Every structure is written in C-alpha cells, then in structure tokens.
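Below, read A as the first sequence line, B as the second, and so on, with proteins coming before strands; counting in each chain starts at 1. Being a predicted model, the structure only gives us computed values, none of them experimental.
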Amino acid sequence: MAAALNPPQRAAIRYLDGPLLVLAGAGSGKTRVITEKIAYLIDCCALDPCHIAAITFTNKAAREMQERVGKLLAGKRLNGLTISTFHALGARILREEATALGYKPSFSILDASDCFAIVAELTGSTDKGAIRRCQSQISNWKNALISPDQARQQAQTDGDLLAANAYASYAATLRAYQAVDFDDLIVLPVTLFDQQPARREKWQNRLRYLLIDEYQDTNTCQYALLQGLAGPRAAFTAVGDDDQAIYGWRGADIDNLRRLPDDYPQLKVITLEQNYRSTGRILQVANALIANNEKLFEKQLWSALGHGEPITVTASKTSELEAAAVVMKLQAHRFEHRGEFRDYAILYRGNFQARPFEQALRDQRIPYLLSGGQSFFDKAEIKDLLAYLRLLANPDDDPAYLRAISTPKRGVGASSLQILGAYAGRRHCSLFAAASEQGFASQLPPRLLEAIEKFSGLVRRLQASAARQPASAVLTELLAAIDYEDWLHQREERRAAQAKWANLQDFCAWLGKKGDDEGKSLLELTQGIALSSTLDKNEADIDAVRLSTLHAAKGLEFKHVFLVGLEEGILPHRESQADGRLEEERRLMYVGITRAQRSLHLSYAERRQQGREWLPCQPSRFIAELGSENLRFSGGKQAAVPDKASASQRLAMLKAMLAEKR
DNA sequence: GCACTTTATGTTTTT
DNA sequence: CATAAAGTGC
C-alpha cells in the first residue's frame, strides 16, 4: 500500500503552478494521486482543509476518498474539507444562496419519478416512451445551459416546439413547488455565478483548490460550474481517462476534455501509464479492445505484475445456465485459490441481468452484495415517509403533498384532489396553501373537506414538532400518527409487511444516527437523501460476492472478475448501434475488463428469455476484438462433453465443499 | 366518490 | 415480480 510514488504521480501531486490535467489510465493510481494531493496541500502547503474541494461523481467514490484521506492524515483535523459529488456540492451552494435565486432554503429535490409525473401531466400524454423522451430532452437542454426561451427559438419541428413549451411550463411548475430537479442543482449555481459576480467570488474564495475525479464524465453544465468556482486563478487538478467515458447518455461530453487545453492555455498535462492493478494479459486484451476506438489522447498501459492466468470465455445454452455455470466456476476458482468471496465480482450491463445470478448464488448458499438495482430510497415505503418529510420542510411541494395525503388512505381520493388542484391552480398557490383558504371550503361537501382539514392539522402539528425536536423523535411521532405499521399489515402479506417495516426501521435508525453524529437538520437530511441511492453503511467488511452493473463498478477493483451476458444486443446494447454510442459501449467493456486484478472470466448465453419469448443471441463483437491469443474458450457446441479440466475442477469443488461442511 | 382487487405489462446505464 | 392501469364493491 505504501509503495513509492512513481515520477509522474509525484509530479502530479506537487504541481501547483496552475491548472493541471492528469490523464490517468485505468488502475494507474488516480485516486491515490487525488488523496495524496489533498494531504500534500494540507501538510506541506498549510492550506486550511476548508479551502479544498474534491469532487466525485458517485457517493461511493466520495465516501471511499473520504476514508482514504482520513487514513492518510490520521489524527489531523480535516474540518471543513469538502469531498462530495457535483450534485451534493450544488445542493450545498443552493441551500446557502437560495434566496438570491428566488428559492427558500427549504426547497425540495424531486426524484426522477416526480419529474416524470410532472412531464406526463403537462404534456397530457399517456405514452411512456414519449414522456421519457421529453423528459430527457428537457434534461439535455438544461445540461447544455439552454433556457426554455432559447429552446423555443431553436425549435425546428412541431415536436421540438411542443417539447420546448413543455420545458417552459415544467420549469415554471418546479419553481411554484419550490422544488428543483437533479439538473437544477448544477444549473442554478451556474446561473447564479453568471449573474452575480459577488456570489461567485465568495465561493471562489471559499474553495481555493479544486480536485475533480472522473473529469471525462462532466457535462457542459458541470464544466461551467467548475470554471465558475475555479475562476481566473484556475487552481485545480482534473483527473480523467477518455477511455473510461461512459456517461454520454447522461449528457457527459468528452469534448470537455478536448477543450480543456484550449480554455486553459497554461494547462499542464501529466499522463499516468503504469498500471498497478492488473496482470499483463488483462491489460493486453484491454488495450486490444480499446484500440478499436478513435483515440483522443494516446497512451499505452503497461504492468509489472507478470503475465497471469489466461482469460476464459464460457458459452452457455441459456441465461439461467450461464448463471449456474459462472457461479460453479466461481466456487471452483475460490476453492482452488483459497480466496474469499469478497475477492469476486460479477459485472453486467443492465440491472435485469442480476436476477439469474442472485438465484444461482442463493441456490449455492453463497453470500452476495447487490449494488445498483432498485435504490433503497426508491422503495415505496421509504418514499412514503420521505414524502411527509419533504412536506414538513416545504409545504409547497405538491408531489409530496399528493403522496402523503393518500398514504395511508384517509378518505381523500382522486376527485377531491382534482378539485383542490383546480382551485390551487386558479389561486396560483400550492395544494397545502389552497386547502386552508376560505374560498376552497365552499367547493366540497363537508365530509370530504373535513378529511382534508384533518390532514392539514396533522402536517402543522408535525411541523411544530420538527422545529423543536431532533430528527429521530419526529420520525417516531410521524409513524405513530399515521399508523403506518398497521396500514402495512392490512394491505400486505405478513412477510412483505414485516420486510417493509424493517426497511423503515433501518431508515429511521440511519436518519437518526446521521442527525445526531453529523448534527444535520431534518431538512439537510431530507435533501441529502434525494441525492443518495443507498444507505451508505460499511459493506467493506462483509465477505460476499459483489454483483454490480458496469457503470456502478467504475472506480472499483476486484481480484477476480466475471464479465457476463456478453452478447450482441446486451453489450453493445441494442439501442446504441449508432457509431458514437458504440464506442461508449466498447469503453464500458473496457471499464469492466480493467476492474480485474488477477483473473478475468467472460461469459455469454446462446439463448435468452426476453419477455415471454426465447431469442437466440450472438456472442458480443467485443469478444472477437480482444484477440484470441490470451483467451481460452469452453462450453458451446464444440465442448458439450465436459473436458478433463472442468471435470477435475468439479471434483476439487466437491471435495472442498464436503470439507467445509465438516 | 373512495378504496380495494384483478390483470396487463415490461427492462440501459445514475445523481 | 413488481408496478401501474382498469374494473368492482361499498
């Protein structure tokens, strides 16, 4: 761990004369450069930690970096050091500068499904695909810093104009709700910095040195935020790898990497090419694969770790058999190498591919951790509770109001809410505000009105209690007040109800702990949750096989990696055959390969169930691109009968299993 | 008008 | 399999 730094690494850490771009190949120690540079700034340059900001793309990466810096500077005070995602930093700026932008600091952060519902409502469309396209169009406009007016002017077709109009009313709706979406967390600070130089300078003075991880994944708007924060001093280190750009679909623009030398002529570029992670074979196939892409910056990764095991390619008849084969092979490999489960990762393109692997692992009683997939905070029971919390913080949050008032059911149904909504629309106020107005009382029969007023009373009571009590007490009171546990048991099977209740307890415990430990208010906690997808608890110590999407695996490394579902239509994905996107799929495969330290196993199925139909699959073109000299094939038609190697593997596994059961 | 039950339906990747 | 729309009792 404490290996000496190589010369380019050391240069990257010590270089402080201006903007710096570190082109860091996979496994070349880029996280180490960032963490050691933070330590260097604090230790050797006596920079106060509160003036340093390291920006990552995922919460996981931020947490890991925090941990590593903590270890590196054990005992030192790190108060005020910022290590967060772009979005979390944006939220922090926004919270502090809300009033300057016409927002309350208690703004709500809408999740993707809230936004989907709003777009659906505004366009009056029932076509899910069309709504999603419109939603992503709006997101693209925002990320490119194009205003609704500009979008309208640029509209070419009627469809464009329709979407641009939807964009305008979408923006107005969010403002009325005192709510922002994920994109706004970056866009609004950028707008603010653009319009009010004094605010920009305040933040430039606060965050004096910036370190940006995964720079290749920034979009236009994130780059603008970066430029705003860096200012003319341009004291920053951007670390990135054009071969690992895999977020183009989210608006990330590799052009930001190309533009950096133009925008900052004094930019220093340092390339890290020595890989400390993988064996020679793994790097050879990775290099062979990525050579098929148009290169932005030339680099050739090399490793001093020796040649390593051959890379295996396994064909299976179906996706279920693939899962069984991979799990069996994993088990055999683990026994042979006396490894631990945590050394193994199974990586795939889409979350839906996890299912058969989960099943196979459960069958074999192998512990596993599933990362990605349905986010913890996307579970219905958590979102129910969160709706109440959002509403307490921000009564204008109509999506939260709608969810809270109908969970649990309290005699207020769709038609009452429609009347309330219409009234609120006429009065230009939120649902919550409308419900207490005199004018509204005459619109409904007394029975229904009473139910609504009872709800308003509940919200006010909880608001009062949130003002003077810690988060955990408010949660307890809230759950008791709405009888959530009883309601769960009424409408769900016992097991399901218990599982959901347990989730809620976990959630409350986590919230309470975070509130106490970090002294965060209910408001900050609620806003923070919108930006995270998992309860970030310590998973590092759990000995379990990791299951992850390729996207979620970026930045991680594993001794042994199984890359599964390598079929045309899956990787590369069916809808991404256009050339720009095919290269991104190739980079995704590249990211998967370069996660592996010691061994790499590829696999694909010959048939896969899609919906109700079985469709034949072709092996991914990317397998052929790896070259055959480092691959060893098994399975498929030519190897229907187990060969000696796999027979002896099975025997070894059986023996080991018997030994383990004593 | 409201709430609960049945039935169709569908999957890229994340903050 | 889990969610979301349509249908049925109260």
*Members of residues 243-252 of chain A that approach DNA chain B, where some heavy atom sits under 4.0 Å away*: A:Y247, A:W249, A:R250
Would you kindly give the [atom1]-to-[atom2] distance between [X] and [N], to the nearest whole Å?
{"X": "A:E214", "N": "B:dT13", "atom1": "CD", "atom2": "C1'", "value": "15 Å"}
{"X": "A:K383", "N": "C:dT3", "atom1": "NZ", "atom2": "C1'", "value": "11 Å"}
{"X": "A:I109", "N": "B:dT14", "atom1": "CD1", "atom2": "C1'", "value": "15 Å"}
{"X": "A:E584", "N": "B:dT13", "atom1": "CD", "atom2": "P", "value": "14 Å"}
{"X": "A:I186", "N": "B:dT14", "atom1": "CD1", "atom2": "C1'", "value": "13 Å"}
{"X": "A:F86", "N": "B:dT14", "atom1": "CZ", "atom2": "P", "value": "19 Å"}
{"X": "A:Y348", "N": "B:dT11", "atom1": "OH", "atom2": "C1'", "value": "13 Å"}
{"X": "A:Q527", "N": "B:dT15", "atom1": "CD", "atom2": "P", "value": "18 Å"}

*Measure from the side chain of A:F352, starting at C-beta and using heavy atoms only, and say which of B:dT11, B:dT13, C:dC1 lies closest.*
B:dT11
*Not counting sequence neighbours, which residues clear salt bridge (charged side-chain N to carboxylate O under 4.0 Å, His left out) with A:E568? List them please.*
A:R621
*With A:E625, which residues qualify under salt bridge (charged side-chain N to carboxylate O under 4.0 Å, His left out), at least two apart?*
A:R586
*With a cut-off of under 6.0 Å to the ring centre and 45° to the axis, is A:R250 in cation-pi contact with A:Y247?*
yes
Examine [X] together with [Y] and report whether their ring centres are nearer than 6.0 Å.
{"X": "A:H551", "Y": "A:W249", "value": "yes"}
{"X": "A:F558", "Y": "A:Y344", "value": "no"}
{"X": "A:F455", "Y": "A:Y401", "value": "yes"}

Short N/O separations, protein against nucleotides 2-5 of chain B, under 3.5 angstrom:
{"residue": "B:dC2", "atom": "OP1", "partner": "A:G413", "partner atom": "N", "Å": "3.4"}
{"residue": "B:dC2", "atom": "OP1", "partner": "A:S416", "partner atom": "N", "Å": "3.4"}
{"residue": "B:dC2", "atom": "OP1", "partner": "A:S416", "partner atom": "OG", "Å": "2.4"}
{"residue": "B:dC2", "atom": "OP2", "partner": "A:S415", "partner atom": "N", "Å": "3.0"}
{"residue": "B:dC2", "atom": "OP2", "partner": "A:S415", "partner atom": "OG", "Å": "2.1"}
{"residue": "B:dA3", "atom": "OP1", "partner": "A:G411", "partner atom": "N", "Å": "2.5"}

So does [X] get a side-chain nitrogen or oxygen closer than 4.0 Å to the phosphate oxygens (OP1/OP2) of [N]?
{"X": "A:N351", "N": "B:dT11", "result": "no"}
{"X": "A:N219", "N": "B:dT15", "result": "no"}
{"X": "A:T549", "N": "B:dT14", "result": "yes"}

*asked:* If the condition is ring pair (Phe, Tyr, Trp, His ring centres under 6.0 Å), which residues does A:H601 pass it with, not counting sequence neighbours?
replied: A:H333, A:F562
*5' precedence on DNA chain B between A:H87 and A:E585 (nearest-nucleotide basis)*: A:E585
*Would you mind listing every salt bridge (charged side-chain N to carboxylate O under 4.0 Å, His left out) that reaches into residues 212-229 of chain A, with sequence neighbours excluded?*
A:K30-A:D213, A:K30-A:E214, A:E214-A:K554, A:D217-A:K554
*Under 4.0 Å between any heavy atoms, over every strand shown, what does A:F57 touch: base, sugar-phosphate, or nothing? Just pick one.*
sugar-phosphate
*Measure the acute angle between the ring planes of A:F107 and A:Y103, then classify it against the limits of 30° and 60° as parallel, tilted or perpendicular.*
perpendicular
